[in-house]
*Asks:* 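There's a structure below that I have some questions on.
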There are 2 protein chains.
Amino acid sequence: MATTETPAEPLSIGEVAERTGLSVHALRFYEREGLLVGPIQRTTGGRRRYTTADVDWLLICIKLRESGMPLAELKRFAELVRHGPGNEAERLRLLDAHQRRVEAQIQALEECRSVIARKVGIYGEHLARGEAGGLWDPTV
Amino acid sequence: MATTETPAEPLSIGEVAERTGLSVHALRFYEREGLLVGPIQRTTGGRRRYTTADVDWLLICIKLRESGMPLAELKRFAELVRHGPGNEAERLRLLDAHQRRVEAQIQALEECRSVIARKVGIYGEHLARGEAGGLWDPTV
DNA sequence: ACTTGATCTAGACCGTCCTCTAGTTCGTAG
DNA sequence: CTACGAACTAGAGGACGGTCTAGATCAAGT
């Protein structure tokens with residue numbers, strides 16, 4: 001299930017940044033904001049050591065963020081997971097609500113796409129016919 | 001082609017806000033930022049009078065914004081349209097690039113949706129089986 | 001030992017996109 | 001004439017989601 005094939009070697013923040021696409025800044029920021037489930041382990045020197053489970057959680061976070069879940073809600077979700085079993089119903093509600101939002105978003109985007117595609121088509125035609133068209137309705 | 005059936009009665013800012021869903025603040029802001037094509041007409045008293053063409057342009061703006069076009073780019077597009085014919089190729093490039101971004105966005109969202117749907121499914125099953133599952137992998 | 005580069009913390013800062021405020025004016029109904 | 005809501009301007013303010021800085025420390029190579 002692990003997304004990375006690494007066995008159990010803990011990863012440095014830089015490695016995690018590379019694997020996830022998040023900046024090291026963002027990784028620290030997420031941690032400070034309480035967006036992670038467990039506390040990240042540290043070396044004796046104080047450096048973070050991420051497990052693959054940590055990375056997997058981050059990858060989920062990224063998907064949720066990418067699809068527009070606000071940090072506050074992500075934080076809420078992390079809290080629920082952190083507090084262990086017993087609140088699955090609430091987690092489900094949260095995810096389900098988000099899923100609905102994502103679906104609405106996709107619909108909205110598809111509508112936008114078709115509007116844009118229409119305009120692109122019109123401009124394309126206009127150009128293909130040579131630019132002799134003169135002033136034509138800009139709001140088409 | 002007009003999106004509103006009103007013949008030629010100009011509209012007040014409040015009416016336009018109602019029709020478009022933008023706030024009056026946002027309407028003034030858009031104007032200040034140069035996001036509109038023509039200057040909005042004014043009454044002798046200085047109040048804005050929107051034509052249906054203005055509203056149509058706003059509706060386009062809304063679609064572009066909704067699909068993530070930044071204001072700066074929208075402004076650029078408005079400038080091109082404002083400066084009349086002769087730059088259709090550039091308008092087309094701009095719209096086309098945006099369309100590609102929208103498509104990429106839709107793809108990304110669909111991926112997110114499937115990830116989320118999987119989790120929703122797992123939580124749903126878990127709950128259906130009764131909450132006796134105990135601690136299970138939170139990163140599933 | 002020295003250098004180099006990655007990491008650490010706390011907090012300041014930033015871009016984007018509006019929203020809201022303050023104080024004023026317009027214009028329509030009574 | 002008065003009053004009231006809607007609109008006006010310029011500019012401050014705010015939410016969001018990070019990014020960046022400063023100055024210090026850690027760890028690995030030579």
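Order of the sequence lines fixes the chain letters, A, B, ..., with proteins taken first and strands second; residue numbering starts at 1 for each chain.
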*Asks:* Nearest-Å distance, CD1 (A/Ile62) to C1' (D/dG18)?
*Replies:* 14 Å
*Asks:* Measure across B/Leu35 and B/Ala78 and return the closest heavy-atom pair with its distance rounded to 0.1 Å.
*Replies:* O-CB, 3.5 Å
*Asks:* Keeping A/Arg76 on the side-chain end and A/Leu94 on the backbone end, is there a donor-acceptor pair under 3.5 Å?
*Replies:* no
*Asks:* Considering heavy-atom distances to DNA chain D, does A/Ala72 or B/Gly46 have its closest nucleotide positioned more toward the 5' end?
*Replies:* B/Gly46
*Asks:* Can you tell me the distance, in whole Å, between the CG atom of B/Leu22 and the P atom of D/dA7?
*Replies:* 14 Å
*Asks:* Hey, is the side chain of B/Arg48 poking within less than 4.0 Å of OP1 or OP2 on D/dC8, counting only N and O atoms?
*Replies:* yes
*Asks:* Is a salt bridge present between B/Arg100 and B/Glu103, judged by a nitrogen-to-oxygen distance below 4.0 Å?
*Replies:* no
*Asks:* In whole Å, I'd like the distance from the NZ atom of A/Lys75 to the P atom of D/dC16.
*Replies:* 12 Å
*Asks:* When the nearest nucleotide of DNA chain C is assigned to B/Met69 and to B/Thr44 on a heavy-atom basis, which residue is associated with the more 5' position?
*Replies:* B/Met69
*Asks:* Could you check A/Arg101, A/Arg65, A/Arg93 and say which one makes a salt bridge (Lys or Arg N to Asp or Glu O under 4.0 Å) with A/Glu73?
*Replies:* A/Arg101
*Asks:* What is the separation between atom CZ on B/Arg42 and atom P on D/dA6, rounded to the nearest whole Å?
*Replies:* 19 Å
*Asks:* Distance check, rounded to the nearest 0.5 Å: A/Glu15 atom CD versus A/Tyr50 atom OH?
*Replies:* 11.5 Å
*Asks:* Please report the C-alpha distance between A/Phe77 and A/Trp57 in whole Å, then the side-chain angles of each, then the deciding distance to 0.1 Å, and finally whether the ring pair (Phe, Tyr, Trp, His ring centres under 6.0 Å) criterion is met.
*Replies:* CA-CA 11 Å; A/Phe77 186 48; A/Trp57 174 255; 5.7 Å; yes
*Asks:* Would you indicate whether A/Gln41, at its atom CD, is surrounded by more than 12 heavy atoms from other residues, nucleotides or ligands within a distance under 6.0 Å?
*Replies:* no
*Asks:* With the threshold set at 4.0 Å, does a side-chain nitrogen-carboxylate oxygen contact exist between A/Glu111 and B/Lys63?
*Replies:* yes
*Asks:* Starting at CD of A/Glu66 and ending at P of D/dG18, how long is that distance when rounded to a whole Å?
*Replies:* 11 Å
*Asks:* Please tell me which of A/Arg65 and B/Glu15 maps to the more 5' nucleotide of DNA chain D, matching each residue to the nucleotide holding its nearest heavy atom.
*Replies:* B/Glu15
*Asks:* Which parts of nucleotides 19-24 of chain D does protein reach within less than 4.0 Å, heavy atoms only, written one letter per nucleotide 5' to 3' as B for base, S for sugar-phosphate only and - for none?
*Replies:* BBB---
*Asks:* Identify the 5'-most and 3'-most nucleotides of DNA chain C with at least one atom closer than 4.0 Å to a non-hydrogen atom of chain B.
*Replies:* C/dC17 to C/dG27
*Asks:* Between A/Glu31 and B/Gly68, who's closer to the 5' end of DNA chain C by nearest nucleotide?
*Replies:* A/Glu31
*Asks:* Should we count CD of B/Gln107 as having more than 12 external heavy atoms under 6.0 Å?
*Replies:* no
